[in-house]
Protein chains: 2
Amino acid sequence: MTRKLAKSAISQKRVLDAAAKIFRDYGYAGTTMRTIADEANLKAGSIYYHYKSKDELISAVLDIGMHAVLDTVNSALAALPADADVRQRIETAIRAHLSAIIDIGDYTLATRRVIGQVPEAIRAQNMRLRDSYASLWQTILVDAQKRGEFRADANITLSRLFILGALNWTVEWFKPGGRTIDEVAHEFAAVVLDGLGKPGNTKSEAAPAKARATPRITV
Amino acid sequence: MTRKLAKSAISQKRVLDAAAKIFRDYGYAGTTMRTIADEANLKAGSIYYHYKSKDELISAVLDIGMHAVLDTVNSALAALPADADVRQRIETAIRAHLSAIIDIGDYTLATRRVIGQVPEAIRAQNMRLRDSYASLWQTILVDAQKRGEFRADANITLSRLFILGALNWTVEWFKPGGRTIDEVAHEFAAVVLDGLGKPGNTKSEAAPAKARATPRITV
DNA sequence: TCCAAAACCTAACACTAGTTAGAAAATAAC
DNA sequence: GTTATTTTCTAACTAGTGTTAGGTTTTGGA
């Protein structure tokens with residue numbers, strides 16, 4: 001029956017690339033099949049030969065975007081020597097993450113930008129990947145703490161959320177042509193590992209955190 | 001002429017509240033005047049008695065949301081004793097920021113969620129406020145560094161972007177009923193000031209950062 | 001009670017959305 | 001070239017968009 005499988009794959013890729021770019025720029029609801037079609041140099045109706053709905057398109061973009069981050073960070077870590085210390089691991093992971101969400105393509109950018117506005121069903125489907133990625137970081141951090149290279153009282157889960165949040169938000173301000181990714185990654189790693197405070201000046205648990213006279217705002 | 005100024009303000013507020021909530025849930029393009037109207041218990045056409053366009057609505061929401069963060073953090077800092085140390089200032093600012101974007105209402109949430117997908121003209125208008133807020137943090141951090149309470153080699157601008165990114169991303173994972181804001185703020189402040197590494201183990205500038213054998217990913 | 005201003009609603013406008021059926025063009029094996 | 005298959009386009013449909021003009025109800029002071 002199927003005598004050929006043709007270059008359908010080529011324009012399917014073209015459509016997907018266009019979709020990623022447009023989703024990134026206009027958000028989920030703001031993206032139009034006709035805009036994607038323009039970008040991919042065909043007509044809106046033709047998209048449906050490759051993808052059977054807008055939701056299937058965004059779904060594909062999200063999967064690719066998430067996998068890109070996961071795979072990039074994973075292989076960057078795998079390429080490290082076995083005896084790499086925490087600082088190397090953290091900075092490498094940060095640099096790989098930033099590279100993925102900034103340089104590798106529009107997929108990761110689109111993913112970070114639209115993940116909050118996509119239909120619930122699609123977001124749920126993307127959750128497994130997000131969880132995998134979270135686990136990757138959690139493992140790095142927990143291991144480091146077990147090996148005694150982190151403060152014993154550090155809350156790893158909250159710290160991970162803090163770090164990944166900062167990394168993800170980078171897409172909102174990073175402009176190519178300014179700072180390099182290496183520069184940013186190095187400074188971020190410094191904050192994560194050393195903090196801003198002067199070494200020796202740390203008194204995390206001894207801080208007068210509970211007995212202050214400041215207003216509690218709303219909470 | 002104007003014999004009364006009436007409770008127009010009341011339903012104007014009702015419309016605005018509804019708008020904030022819907023914008024937060026569905027994004028800019030995904031939000032419908034009719035959906036907002038439903039939430040505010042009136043018809044779509046009636047919204048135009050209070051606001052003359054959808055853009056004016058989102059604009060109002062953005063302004064309020066941004067002001068809420070700015071004012072909350074500002075007054076929390078002002079309420080601190082004059083001799084408050086860096087740790088107190090940072091933790092207070094973090095707690096106030098988190099309180100604002102999580103508790104004070106849907107406005108800040110909507111602001112954080114849609115700021116990237118709003119028409120350029122509106123985003124530009126909101127920039128002044130964003131810049132003011134950035135300056136506030138920049139001042140705190142620069143002052144601390146001048147007073148010698150921070151590492152001298154810390155890049156304040158990048159650190160500020162790191163911190164604010166992490167704080168802003170909180171809206172993506174924070175669920176009321178789980179961790180308290182105080183808890184999160186305390187741990188975040190600890191990371192910012194002390195880092196995750198063990199005190200005394202810091203070697204930020206002496207780190208073998210440039211001469212590693214790891215792949216540079218794409219960059 | 002009256003009445004003008006305020007607040008809201010109805011019904012529609014012009015437009016655009018995602019999607020589809022069927023025709024047309026491009027493609028590749030024979 | 002012939003022909004079956006793949007790929008694209010055209011043209012439309014329905015549903016929903018922001019917005020508006022004009023009418024209706026509500027409101028509160030006289």
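Excluded from the calculations below are hydrogen atoms, water molecules and symmetry mates; all remaining heavy atoms, backbone and side chain alike, are included. Lettering of chains follows the sequences in order, A, B, ..., and the numbering in each one begins at 1.
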The side-chain contact (heavy atoms from CB on, under 4.5 Å) partners of A:Ser53 (sequence neighbours excluded) come to A:Asp55, A:Glu56
What integer distance in Å separates A:Ile10:CD1 from C:dT27:C1'?
-> 13 Å
Show the distances under 3.5 angstrom between N or O atoms of the protein and N or O atoms of nucleotides 18-22 of chain C.
from	atom 1	to	atom 2	distance (Å)
C:dG18	OP1	A:Thr31	O	2.9
C:dG18	OP1	A:Lys54	NZ	3.0
C:dG18	OP2	A:Met33	N	2.9
C:dG18	N7	A:Arg34	NH1	2.7
C:dG18	O6	A:Arg34	NH2	2.7
C:dT19	OP2	A:Tyr48	OH	2.8
C:dT19	OP2	A:Lys54	N	2.9
C:dT19	O5'	A:Tyr48	OH	3.3
C:dT19	O4	A:Arg34	NH2	3.4

Is B:His50 near enough to C:dA6 that one of its side-chain N or O atoms lies under 4.0 angstrom from OP1 or OP2?
-> no
So, is B:Tyr49 close to the C:dC8 phosphate, meaning a side-chain N or O under 4.0 Å from OP1 or OP2?
-> no
Starting from P on D:dT20, measure out to CD1 on B:Ile47 and report it in whole angstrom.
-> 13 Å
Please report, rounded to the nearest Å, how far the P atom of D:dG18 is from the CG atom of B:Asp38.
-> 12 Å
With sequence neighbours excluded, residues passing ring pair (Phe, Tyr, Trp, His ring centres under 6.0 Å) with B:Phe188 | A:Phe162
Atom-pair distance (NZ on B:Lys43; C1' on D:dT24), nearest Å = 14 Å
Side chain to side chain donor-acceptor pair (under 3.5 Å) pairs touching residues 30-43 of chain A, sequence neighbours excluded, are A:Lys21-A:Glu39
For A:Leu136, the side-chain contact (heavy atoms from CB on, under 4.5 Å) test, sequence neighbours excluded, returns A:Leu70, A:Val73, A:Asn74, A:Leu77, A:Tyr133
Atom-to-atom span, CD1 of B:Ile36 to C1' of D:dT19 - whole angstrom = 13 Å
When you measure from the centre of the six-membered ring of A:Tyr28, is the NZ or CZ of A:Lys54 under 6.0 Å away and within 45° of the axis?
-> yes
Identify, with sequence neighbours excluded, every residue that meets salt bridge (charged side-chain N to carboxylate O under 4.0 Å, His left out) alongside A:Arg89.
-> none
